[in-house]
Protein chains: 2
Amino acid sequence: MADKSNTQEKIIESATVLFLEKGFHRTSVRDIASRAKINISLMNYYFRSKEILFETIIDLLIGGAVSSLKEILDSDLDLNEKIRQYINKYIDLLISNPLLVSFVLAILNHSPDKISKLKVTDSLYNTEKFANQLDEENSKGNIRKVDPEQFYLNMLSLIAFPFAVKHVINEKNNFSNEAFNDFIIKRKDIIYNTLISSIKP
Amino acid sequence: MADKSNTQEKIIESATVLFLEKGFHRTSVRDIASRAKINISLMNYYFRSKEILFETIIDLLIGGAVSSLKEILDSDLDLNEKIRQYINKYIDLLISNPLLVSFVLAILNHSPDKISKLKVTDSLYNTEKFANQLDEENSKGNIRKVDPEQFYLNMLSLIAFPFAVKHVINEKNNFSNEAFNDFIIKRKDIIYNTLISSIKP
DNA sequence: ATTTGTTTTAAACAAACGTTTAAAACAAAT
DNA sequence: ATTTGTTTTAAACGTTTGTTTAAAACAAAT
C-alpha cells in the first residue's frame, strides 16, 4: 500500500502553518494542497472537509499546549511559586509558537461556538483551585483581598496580549524576532513582580 | 437629484456593523447590500471597491477613538492622574465599542501593512513623552526604575485584552453584557492599583 | 418640453471557492 | 497472473465571490 501516513502528515503540517499565518478563511484548500505538494482531492480524502481539517488542527495545537498549564494551576505549589511557574511556562510556550494567541483570538471572535467544545475550555475555565488558594491566602493575612477572576485575568492579559500585538511592538521598537523574544523573556520577572506587588498586604 | 448622502451613509453603517462582527473576509458585498437594503452595484459606485470601503471604515472607527487617548498621554498631567485618566477613558471607549479590540487585532494579524499607514500608528507609537515622564519620576525617586516600553505594554494589556476574550469571560462566569460591563468597570480601580503598586518605590 | 448629470437597477462577468466524480496507479494477497 | 483494497490523479461540479456593464429612473436646469 502507498504511504498513507506521509501524505496525511504533509497535509496537517502545511495546513497548520497556513491556518496559523492566515486564518481559516484566508487559507484555501488549493493553498494547502500546493504547499503540501499533493492533489487537491487528497484533502477531502483524508479529512472529510476543510472544516474538519481545521478542527483537527485546533485540537492538535491547543489541546496539548494548555493541559500542561492547567497542571501547574491545579498543583499544590506555594502561591508565589505557582504564579512564577505559570508565567514562565506560558511564556515559554508562546515563544515557541508565537502565532498561537492570534490564532485562538481569531477563532474566539469568528466562531465562538468552536472554542467552547474544545480542550481550551477545560484548562481556561477551571480555575477553582487557584481561586480558592487566593481566598485562603487572604484569610491567613498573607495577601490582600482580591477578586480571583480579576487577578487571573490580569495574569493572562499580561502574558498573552503582547503576542497579539507582536507586529506593532516590533515595528515600534525596530525589533527583530530575537529582540522580541528578549523583550518577552524580560517580562517573566516584570509580570511576576507586578502581580505579586499588587497582592502584597 | 436623489439622496446621495443617505445611501452612502447606509452603506457605511451596515458595513461597519458587519465588519466589526464578522471581519473583512467573512463579510460579502451582498451581505452589506442586503443589510443596507440597496443594490449591490451601489457599493462600487460610492466606494470603488470593498477594500477601499473597509479602509474608510477603519479610519472612521479607529481614527477618532485613539486621538483622544493620545491627548491624555501627551498632556502635562501628574503621572498618577495621567494613568488614572488614561485607563478610565480607554475603558469607557471600549465599553461603548466592545468589538473594537478584536477588530484591530484581526487587522493586525491578517494585514499588518494596513495598520501602519493608519492613525493608530501615531497614537500608539508616540509614547515618548510618557516614557520621559516615567524616567523623570524615577530620577526624582518618586517611582521605581521601569522600562517605559514594558510599563506601557502592561497598561495596554490589562485594559484591552479582556475585550479580546469577552466571549470566554462571559461564558465562564455566566455574564450578560451588563454583567461584563460591571466586571470591566471594576477593573478601572484594579488596573490603576496594580500599575501604581508595581512602580511604588 | 428637452436636455443634462446623477443615482439606481437588473443582469452578467470572470475568477475562486470547497467538494465530488470516475478513472488510473499502486501495493499486497490469492 | 489476477484479484482486492487503498491511494492518487485530472477534470468537472455547482456556488459564491467582487466587480462591471448598459440601460432605466430620477431630479434639476435650460
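Predicted model only: the values in this text are computed from it and were never measured. Per chain, numbering begins at 1; letters A, B, ... match sequence-line order.
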Return the residues of residues 32-41 of chain A meeting this criterion: a heavy atom under 4.0 Å from some atom of DNA chain D. Order them by number, or give none. Asn39(A), Ser41(A)
Between [N] ([atom2]) and [X] ([atom1]): distance, integer Å:
X        : N       : atom1 : atom2 : value
Lys50(B) : dT19(D) : NZ    : P     : 8 Å
Asn44(A) : dT6(D)  : CG    : P     : 19 Å
Phe54(B) : dT19(D) : CZ    : C1'   : 19 Å
Lys10(B) : dT7(C)  : NZ    : C1'   : 12 Å
Met43(B) : dG18(D) : CE    : C1'   : 8 Å

Among [options], which is the nearest nucleotide to the side chain of [X]?
X        : options                  : value
Ser28(A) : dT8(D), dG18(D), dG18(C) : dG18(C)
Leu42(B) : dT20(C), dT9(C), dG18(D) : dT9(C)
Tyr46(B) : dG18(D), dT7(C), dT8(D)  : dT7(C)

Under 3.5 Å, is there a donor-acceptor pair between the side chain of Asn138(B) and the main chain of Ile143(B)? yes
Just to be sure I understand: a Watson-Crick pair is purine N1 to pyrimidine N3 plus N6-O4 or O6-N4, both under 3.5 Å. Using that and G-U wobbles, which stems of three or more pairs involve DNA chain D?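 DNA chain D stems, ordered by first number: C:1-12 with D:19-30, C:14-30 with D:1-17.
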Go through the steps for Gln85(A) and Glu81(A) under the test side-chain hydrogen bond (donor to acceptor under 3.5 Å, both in side chains), then give the verdict. CA-CA 6 Å; Gln85(A) 284 194 23; Glu81(A) 182 60 18; 3.1 Å; yes
Looking at Tyr45(B), does any N or O in its side chain come under 4.0 Å of the phosphate oxygens OP1/OP2 on dT19(D)?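 The answer is no; no side-chain N or O of Tyr45(B) sits under 4.0 Å from OP1 or OP2.
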Please determine, by modelled atom types, if [X] and [Y] share a side-chain donor-acceptor pair under 3.5 angstrom.
X         : Y         : result
Tyr152(B) : Tyr86(B)  : yes
Lys172(A) : Thr127(B) : yes
Ser176(A) : Glu178(A) : yes

So, Phe54(B) versus Phe24(B), ring centres under 6.0 angstrom or not?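 Between Phe24(B) and Phe54(B), which both carry aromatic rings, the centre distance is below 6.0 Å.
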So do the side chains of Asp189(A) and Arg84(A) get within less than 4.5 Å of each other, counting heavy atoms only? yes
Atom pairs under 3.5 Å: protein N/O with N/O of nucleotides 23-25 of chain D:
none

How close do Leu153(B) and Ser157(B) get, heavy atom to heavy atom, and via which atoms?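 Result for this residue pair: O-OG, 2.6 Å.
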Please report the closest heavy-atom contact between Asp76(A) and Lys129(A), naming both atoms and the distance.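 Looks like OD1-NZ, 2.9 Å.
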